[in-house]
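All figures in this text were calculated on a predicted structure; none of them were measured in a lab. Both counts, for ligands and for their atoms, begin at 1 and track the order of listing.
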Amino acid sequence: MARSNDDAAEMLREFAELLAISGGPDCKVRVYEKAARSVAGYPADIAELDEKALRKIPDVGSHTARKILEYFDTGSVGELTTLRKQVPPGLRTLVTVPGLGPKHAHQVYEELGITSVDGLLHALHEHRLRELRGWGEKSEDNLARSLREAHSAGGRVQLGYALDLASQLLYRISGLPQVRLAAYAGSLRRMRDTVGDIDLLVAAVDAEPIMADVAGLPMVARVLAHGPTKTSVLTTTGVQVDVRVVDPSVWGAAMLYFTGSKPHNIQVRELAVRAGLKLSEYGLFDVATGRLIVAETEEEVYQRLGLPWIPPTLREGTGEVEAALEGRLPSLADIGDIRGDLHTHTDLTDGVASLTEMVAAAKKHRYEYYAITDHAPLLWMQRMTTEKALEQRRRIRALERTAGITLLHGTELNIQPDGSLDWDEEFLSTFDIVVASVHSRFRQSREEMTARVLRAIEHPCVHVIGHPTGRLIGSRPPVDLDHDAVFRAAARTGTALEINSSPERLDLDGDLVRRARHFGVRFAVSTDAHAVPHLDYLRFGVATAQRGWAGPDDVINTYSEARLRRFLREKSRALTRR
Ligand code: DGT
Ligand code: CA
Ligand code: CA
Ligand code: ZN
């Protein structure tokens, strides 16, 4: 089907969506929805049609036809731009929540003041939604199910979703009487990109009453197993949570044990055995006498076994114990090392917050620099033009004078199926930073895809390859790529590879980061934020960098502004010299 049909359909769908969110009349919303479907399925390229011909398309009336014409003539629709400005960003974020729909999004926004997925989860867990007009237990359950489905990946859930859920549970559990400490362990603490179940550890002297309280928490739908010190429950969104209560004196041993991973535990336990000791969730014991040696903190347990404390993100049994024994654990990049975000969007393309809002949020993160990298013209649906990019640059420069933060004007290019890019070299070289990503034709053969990405890497103006494998966790597999060839070229040309921090991407993942690092690749840990709350995704990207054993020197956005600029400059120099 003609691409222009898809674009016009997308425009009409957005119209319908925005109308619905802003409380527009149902009939009008439906008109645009129907027109969108009809246009998408129309057999001829509608960009070629005049008003009369457009009106012959089923469900396209004169209003719609004129909007389509305006869209193809000017690249935007005035009324749509106005609508976009009227809808608050918080509300637009909500509309993207699966299973909620624009009408309900509007309702929970208006009546409960909810502006984020997290807020929605809260309300869901407190059963505040079923009280709303037109809702009930059933609609609450339905929403819970679609939320879970949207965040699931083959029986597992995405890290971001699991962490939201765990934080909410911990908040409640910490408030129960007698609870001394409460924390998450398991794959969640190791920050794996997906989590099978959530493991919570609670320190308290008396377990019984806590077990009963946990079973009665509002977000608990069903109790799967109920023992004296362990309870397994299923949340209203269908995620399994194991809660274990341990005596405060053995907190460290229990955290170590239940953080895992299993291969890590086995290796650590073997060290103990060789030293005539026994390690369990209750502590480190002398085998001969049965005497408890240490148990209170993880540090003590590791230390008694001749090891430094090992960061949970490394505990996968893939060489960290050997490295620890030999005193060569990597010093990992930490969230505090990050000085700026290098991939973000605004409402000039598909973001939902304005430039001013995003920059204000970046300042709250205490960044030294911040890159705005809106989409480029070849992602035609986003309606970017050279003029718009230049206008944005003027606004950025003006804003920078009072903002107290260095703003980098960047762009996110589209790597075309043949590896070519938006804009020519002359214009591209005027950006402070250029990210290039694959946004289409994900199923090319390994040869084609590798050649495509390599061509972008060889381009003197491309500084970062965005979300290099294109995977969407649970919904789109990674592209087929010769990783080593890409890593080698990236290292040689000084092109950074992105660690996209969005919990639905985490791309590159920890394993690939680790492999790329051996080739000398540098990384940009970026959020790809399309809304203010997305800037907080950074912690997932940093954890992924850690899982790949990356240190601050490997991550270009830990650099000072001067060093970052030098890194960006060196690439084009090196390539032009050759
Ligand atoms: P998941 O839930 O599939 O994402 O992965 P984990 O690592 O959270 O696994 P889970 O929930 O089955 O168990 C949590 C931790 O408890 C695990 O990482 C290590 C520890 N653990 C569980 N079962 C065993 C076991 O049979 N042996 C040892 N050594 N450790 C275990
Ligand atoms: Ca688990
Ligand atoms: Ca578990
Ligand atoms: Zn992006």
S.K.: Hey, is CZ on R455 packed in by over 12 heavy atoms from elsewhere, all under 6.0 Å?
M.R.: yes

S.K.: Going by an N to O cut-off under 4.0 Å, is there a salt bridge joining E316 and R547?
M.R.: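 Yes, charged N to carboxylate O under 4.0 Å.
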
S.K.: Below 2.8 Å, can you find an N, O or S atom of H375 next to the Zn ion (ligand 4)?
M.R.: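 No - counting backbone and side chain alike, H375 has no N, O or S atom under 2.8 Å.
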
S.K.: Locate the shortest heavy-atom distance separating L234 from G238; write the atom from each residue and the value.
M.R.: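 In terms of heavy atoms, the two residues are closest at CD1-O, 3.8 Å.
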
S.K.: As a test of reading the structure, name the N/O/S atom of D528 that is nearest the Zn ion (ligand 4).
M.R.: OD1

S.K.: Report the relative orientation of the aromatic rings in H534 and Y537; use parallel for angles under 30°, tilted for 30 to 60°, perpendicular for over 60°.
M.R.: parallel

S.K.: Indicate whether any N or O donor in one side chain lies under 3.5 Å from an N or O acceptor in the other, for D347 and S354.
M.R.: no

S.K.: Hey, what polar pairs (N/O, under 3.5 Å) does ligand 1 make with protein?
M.R.:
unit_1: ligand 1; atom_1: 2 (O); unit_2: D197; atom_2: N; d: 3.2
unit_1: ligand 1; atom_1: 2 (O); unit_2: D197; atom_2: OD1; d: 3.1
unit_1: ligand 1; atom_1: 3 (O); unit_2: R156; atom_2: NH1; d: 3.1
unit_1: ligand 1; atom_1: 4 (O); unit_2: R156; atom_2: NH2; d: 2.7
unit_1: ligand 1; atom_1: 4 (O); unit_2: S187; atom_2: OG; d: 2.5
unit_1: ligand 1; atom_1: 4 (O); unit_2: G196; atom_2: N; d: 2.8
unit_1: ligand 1; atom_1: 7 (O); unit_2: R190; atom_2: NH1; d: 2.9
unit_1: ligand 1; atom_1: 7 (O); unit_2: R190; atom_2: NH2; d: 3.2
unit_1: ligand 1; atom_1: 8 (O); unit_2: S187; atom_2: N; d: 2.9
unit_1: ligand 1; atom_1: 8 (O); unit_2: S187; atom_2: OG; d: 3.4
unit_1: ligand 1; atom_1: 8 (O); unit_2: D199; atom_2: OD2; d: 3.1
unit_1: ligand 1; atom_1: 11 (O); unit_2: D197; atom_2: OD1; d: 2.9
unit_1: ligand 1; atom_1: 11 (O); unit_2: D199; atom_2: OD1; d: 3.4
unit_1: ligand 1; atom_1: 11 (O); unit_2: D199; atom_2: OD2; d: 3.0
unit_1: ligand 1; atom_1: 18 (O); unit_2: R190; atom_2: NH1; d: 3.3
unit_1: ligand 1; atom_1: 29 (N); unit_2: R269; atom_2: NH1; d: 3.2
unit_1: ligand 1; atom_1: 30 (N); unit_2: N265; atom_2: ND2; d: 3.4

S.K.: Can any side-chain N or O of T235 pair as donor or acceptor with the backbone N or O of T237 at less than 3.5 Å?
M.R.: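 Present.
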
S.K.: Which donor-acceptor pairs under 3.5 Å do side chains of residues 258-276 form with protein atoms, sequence neighbours excluded?
M.R.:
unit_1: T259; atom_1: OG1; unit_2: R189; atom_2: NH1; d: 2.8
unit_1: T259; atom_1: OG1; unit_2: M255; atom_2: O; d: 2.6
unit_1: S261; atom_1: OG; unit_2: H264; atom_2: N; d: 3.4
unit_1: S261; atom_1: OG; unit_2: R315; atom_2: O; d: 3.1
unit_1: H264; atom_1: ND1; unit_2: E320; atom_2: OE2; d: 2.7
unit_1: H264; atom_1: NE2; unit_2: Y302; atom_2: OH; d: 2.9
unit_1: N265; atom_1: ND2; unit_2: Y257; atom_2: O; d: 2.8
unit_1: Q267; atom_1: NE2; unit_2: E322; atom_2: OE2; d: 3.1

S.K.: Would you call R84-E14 a salt bridge at under 4.0 Å N-O?
M.R.: yes

S.K.: For the pair S437 and E412, evaluate side chain to side chain donor-acceptor pair (under 3.5 Å) and give the outcome as yes or no after the intermediate values.
M.R.: CA-CA 7 Å; S437 322; E412 181 180 13; 2.7 Å; yes

S.K.: With the Ca ion (ligand 3) as the reference point, give the N/O/S atom of D242 that is nearest.
M.R.: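 The nearest such atom is OD2.
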
S.K.: So, of the N/O/S atoms that D199 has, which is the nearest one to the Ca ion (ligand 3)?
M.R.: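 The D199 atom nearest to the Ca ion (ligand 3), restricting to N, O or S, is OD1.
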
S.K.: Using 2.8 Å as the threshold, say whether any N, O or S atom from H343 sits that close to the Zn ion (ligand 4).
M.R.: yes

S.K.: Test of geometry: compute the angle NE2(H345)-the Zn ion (ligand 4)-OE1(E412) and round it to 10°.
M.R.: 90°

